Amino acid sequence: MSDLQVITGLQYFVIIAQQRKKTKLLSMLADHGARAIEVVYAKGSMSPHAIIAALGLEAEQNKVMISCLLKYEDAQKVLNVLYKDYKFDRPNTGIAFGISVEGLAF
């Protein structure tokens, strides 16, 4: 596989965030050309009481996992939006990652 295939290929992209951000995240993904979007609801494993006691923070246990297919360039743009607008570079805000998917096209 050449580097060009990886850079221009598709990404299976996953976002895990607070449920209350679901609507905005779905809209943002649609604006960036996401396909085959799937939403799964989950509950975080960390006890909010432990966080409050240790750090004085409050955590939302209700999570949403959104997965989709994005072109590589669009996945990079989405990551930038997540860092800039959704503060994913800060603790307890969310997790996002993309995995290269070889051999698919849309």
Side-chain angles (χ1 to χ4, degrees):
M1 176 171 58
S2 73
D3 289 337
L4 182 60
Q5 288 174 314
V6 173
I7 292 172
T8 61
L10 288 178
Q11 295 275 306
Y12 174 72
F13 198 82
V14 177
I15 299 172
I16 301 170
Q18 298 162 335
Q19 282 185 17
R20 62 189 158 111
K21 295 180 181 175
K22 178 190 78 161
T23 303
K24 288 183 179 181
L25 290 169
L26 289 173
S27 178
M28 183 266 300
L29 286 171
D31 290 345
H32 285 87
R35 301 286 190 260
I37 298 172
E38 181 179 20
V39 176
V40 176
Y41 295 99
K43 190 165 189 115
S45 61
M46 186 169 254
S47 167
H49 302 294
I51 294 173
I52 291 169
L55 304 173
L57 300 174
E58 191 170 332
E60 179 183 320
Q61 281 190 298
N62 296 322
K63 304 293 180 190
V64 64
M65 183 178 89
I66 303 170
S67 61
C68 63
L69 292 175
L70 284 168
K71 293 179 183 177
Y72 178 84
E73 315 74 63
D74 294 328
Q76 297 308 303
K77 292 174 187 175
V78 167
L79 280 175
N80 287 333
V81 170
L82 291 172
Y83 278 96
K84 182 180 173 195
D85 297 343
Y86 293 89
K87 311 300 184 210
F88 268 38
D89 57 337
R90 295 182 186 164
N92 301 319
T93 55
I95 298 169
F97 61 91
I99 300 170
S100 182
V101 181
E102 185 179 351
L104 291 178
F106 65 90

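Quick caveat: nothing in here was measured; it's all calculated off a predicted structure.
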Measuring from Ile99:CD1 to Leu10:CG, what's the distance to the nearest 0.5 Å?
13.0 Å

Between Phe13 and Gly98, what is the shortest heavy-atom contact and its length?
CD1-CA, 3.9 Å

Nearest heavy-atom contact between Gln18 and Val64 is O-CG1, 3.8 Å

Rounded to the nearest 0.5 angstrom, the CG-CD distance for Leu25 and Gln19 is 12.0 Å

Search all heavy atoms of Ser67 against all heavy atoms of Val14 and return the closest pair with its distance.
CB-CG2, 4.2 Å

For Phe88, which residues count as a side chain to side chain contact (heavy atoms under 4.5 Å, CB included) partner, sequence neighbours excluded?
Ile15, Ala17, Leu82, Tyr86, Thr93, Ala96

Between the main-chain N or O of Lys71 and the side-chain N or O of Gln11, is there a donor-acceptor pair closer than 3.5 Å?
no

Looking only at heavy atoms, which two atoms of Ile37 and Cys68 are closest? And how far apart?
CG1-CB, 3.8 Å

Can you sort out the partners of Lys77 under side chain to side chain contact (heavy atoms under 4.5 Å, CB included), two or more places apart, ordered by chain and number?
His32, Asp74

Heavy-atom pair of closest approach, residues Lys22 and Ile66:
O-CD1, 4.4 Å

